[in-house]
Amino acid sequence: MLHGLALLGSLGLADGSYILSGHSCGACLALQSVLQPPRHYGLGHLAEPPCPAALLGLNGLYDLPALATADGLAPFHAHLREDYERFLSRAFGTDKDAWPDGSPAGFDPASIARRIREGNAPRLVVLDQSTEDQLVPMAQRERLTATLAKAAGLRLAQGQRLTGNHAAPWEEGIMIYQSLLDTLQLLREDQ
């Protein structure tokens, strides 16, 4: 994602000119890309990406290690633990000790606040999660919310547009559209 944002920056993407959004792993990647500097991921040769006006996470994965432990999954999702462990190994690498460093729910709130002050992270994060999501437990949003609530200068909003199963936002694009409209309204309120 950082390479893609660097390319877009070279083509004129400017700070505050876009909303960075992602669904599921994409929500994790979106948050990773601006809540930590590129050097956090061994990409110190990349410049800071253009700062989005807001981040919008939809049915996101935010605490990777919790998805591979029985304690991190609610009873409804516990049967997915082994599937998550395989999936996370393929998507985020087999080194489980590295998963916490890539988990937005584990990022240091003071570091996030500093990035906001420096203009490298947006002041608004909107998180939306369907209570009917059969793949991602609500605890993922709750864990990230607990971290972001401690980041000074950050406005955290809970979206209320997502319903249905995990893929429903993409299958029924109206939910994503409505979430983006809500995010734009929140940005207008902050001006």
Side-chain angles (χ1 to χ4, degrees), residues 1-69 72 84-129 136 139-157 183 186-187 190:
M1 173 148 324
L2 287 170
H3 282 94
L5 289 170
L7 173 64
L8 291 173
S10 74
L11 298 172
L13 183 67
D15 285 345
S17 67
Y18 69 106
I19 295 171
L20 185 56
S21 178
H23 173 265
S24 195
C25 283
C28 183
L29 293 171
L31 289 159
Q32 287 174 339
S33 67
V34 294
L35 296 183
Q36 292 287 349
R39 71 179 178 280
H40 180 81
Y41 307 105
L43 299 170
H45 62 284
L46 291 178
E48 286 284 346
C51 182
L55 284 168
L56 172 60
L58 307 166
N59 289 345
L61 306 179
Y62 306 119
D63 186 340
L64 304 178
L67 291 168
T69 65
Y84 263 120
E85 189 168 349
R86 280 191 298 275
F87 169 75
L88 292 170
S89 293
R90 289 185 180 124
F92 296 100
T94 57
D95 182 3
K96 294 177 187 177
D97 292 336
W99 293 353
D101 282 342
S103 297
F107 292 168
D108 176 38
S111 295
I112 295 169
R114 183 173 51 256
R115 290 187 59 72
I116 292 168
R117 281 192 312 275
E118 294 169 351
N120 294 317
R123 296 184 180 283
L124 174 64
V125 174
V126 179
L127 301 175
D128 204 342
Q129 175 80 29
V136 178
Q140 287 289 301
R141 182 179 78 174
E142 293 162 3
R143 289 169 190 248
L144 180 61
T145 296
T147 295
L148 296 182
K150 297 174 190 168
L154 178 69
R155 180 176 182 192
L156 179 61
T183 303
L186 290 168
L187 286 169
D190 286 346

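Note: hydrogens, waters and symmetry copies are ignored here, and every other heavy atom, side chains too, is used.
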Exercise for the section: Look up atom CG in L127 and atom CG in L31, then write down how far apart they are to the nearest 0.5 Å. Expected result: 7.0 Å
Problem - Shortest non-hydrogen contact between C51 and N120, atoms and distance - result: SG-C, 3.7 Å
Practice task
Would you mind telling me which of P52, P38, S33 makes a side chain to side chain contact (heavy atoms under 4.5 Å, CB included) with L5?
Solution key: S33
Handout entry: Contacts of type side-chain contact (heavy atoms from CB on, under 4.5 Å), residue L11, not counting sequence neighbours
Key = L7
Problem - Partner residues of A27 under the side-chain contact (heavy atoms from CB on, under 4.5 Å) criterion, sequence neighbours left out - result: Y62
Problem - Test side chain to side chain donor-acceptor pair (under 3.5 Å) applied to K150 - qualifying residues, sequence neighbours left out - result: none
Practice task
Could you tell me which non-hydrogen atom of P122 sits nearest to which non-hydrogen atom of A53, and how far apart they are?
Solution key: CB-O, 3.6 Å
Handout entry: OH on Y41 to CE on M1, rounded to 0.5 Å
Key = 10.5 Å
Handout entry: Interatomic distance, L55 atom CG to L148 atom CG [nearest 0.5 angstrom]
Key = 9.0 Å
Exercise for the section: Would you please name every residue forming a side chain to side chain donor-acceptor pair (under 3.5 Å) with Q32, sequence neighbours left out? Expected result: none
Practice task
Name all residues meeting the side chain to side chain donor-acceptor pair (under 3.5 Å) criterion together with R39; count only those two or more places apart in sequence or in a different chain, and write none if there are none.
Solution key: none
Fill in the blank from the handout: Heavy-atom nearest pair, G9 first then P50, reads CA-CG, 3.9 Å
Exercise for the section: Scan L56, V136, L58 and name whichever one has a side chain to side chain contact (heavy atoms under 4.5 Å, CB included) with H23. Expected result: L58
Exercise for the section: Not counting sequence neighbours, list each pair that qualifies as a salt bridge (charged side-chain N to carboxylate O under 4.0 Å, His left out) and has a residue in residues 50-64. Expected result: D63-R143
Under 3.5 Å, which donor-acceptor pairs do the side chains of residues 98-106 form with other protein atoms, sequence neighbours left out?
unit_1, atom_1, unit_2, atom_2, d
W99, NE1, G93, O, 2.9
S103, OG, L64, N, 3.0
S103, OG, W99, O, 2.8

Handout entry: Validation row: V125, L144 side chains within 4.5 angstrom (heavy atoms)
Key = no
Handout entry: Value rounded to 0.5 Å, distance of CG in L61 from CZ in F92
Key = 6.5 Å
Problem - Partner set under side chain to side chain donor-acceptor pair (under 3.5 Å) for R117, not counting sequence neighbours - result: none
Problem - Inter- and intrachain pairs under side chain to side chain donor-acceptor pair (under 3.5 Å), touching residues 11-21, at least two apart - result: none
Practice task
For residues A152 and I116, report the shortest heavy-atom separation together with the two atoms involved.
Solution key: O-CD1, 4.1 Å
Problem - Residue list, salt bridge (Lys or Arg N to Asp or Glu O under 4.0 Å) with E118, at least two apart or on another chain - result: none
Exercise for the section: Over all heavy atoms of both residues, which pair between L156 and A149 is shortest? Give the atoms and the distance, please. Expected result: CD2-N, 4.2 Å
Practice task
Could you check if a side-chain atom of R115 sits within less than 4.5 angstrom of a side-chain atom of P37, using non-hydrogen atoms only?
Solution key: yes
Exercise for the section: Report the relative orientation of the aromatic rings in H3 and H45; use parallel for angles under 30°, tilted for 30 to 60°, perpendicular for over 60°. Expected result: tilted
Practice task
Find out whether I19 and V126 are in side-chain contact, i.e. whether some heavy atom of one side chain is under 4.5 Å from a heavy atom of the other.
Solution key: no
Fill in the blank from the handout: Looking only at heavy atoms, the pair that brings N59 and Q129 closest together is CA-OE1, 3.2 Å
Completion exercise
Sorted by chain and number, sequence neighbours left out, side-chain contact (heavy atoms from CB on, under 4.5 Å) with R155 holds for L124, L186, E189, D190
Problem - Within-4.5 Å side-chain heavy-atom neighbours: P109 and T147 - result: yes
Handout entry: All side-chain contact (heavy atoms from CB on, under 4.5 Å) counterparts of S111, not counting sequence neighbours
Key = D108, R114
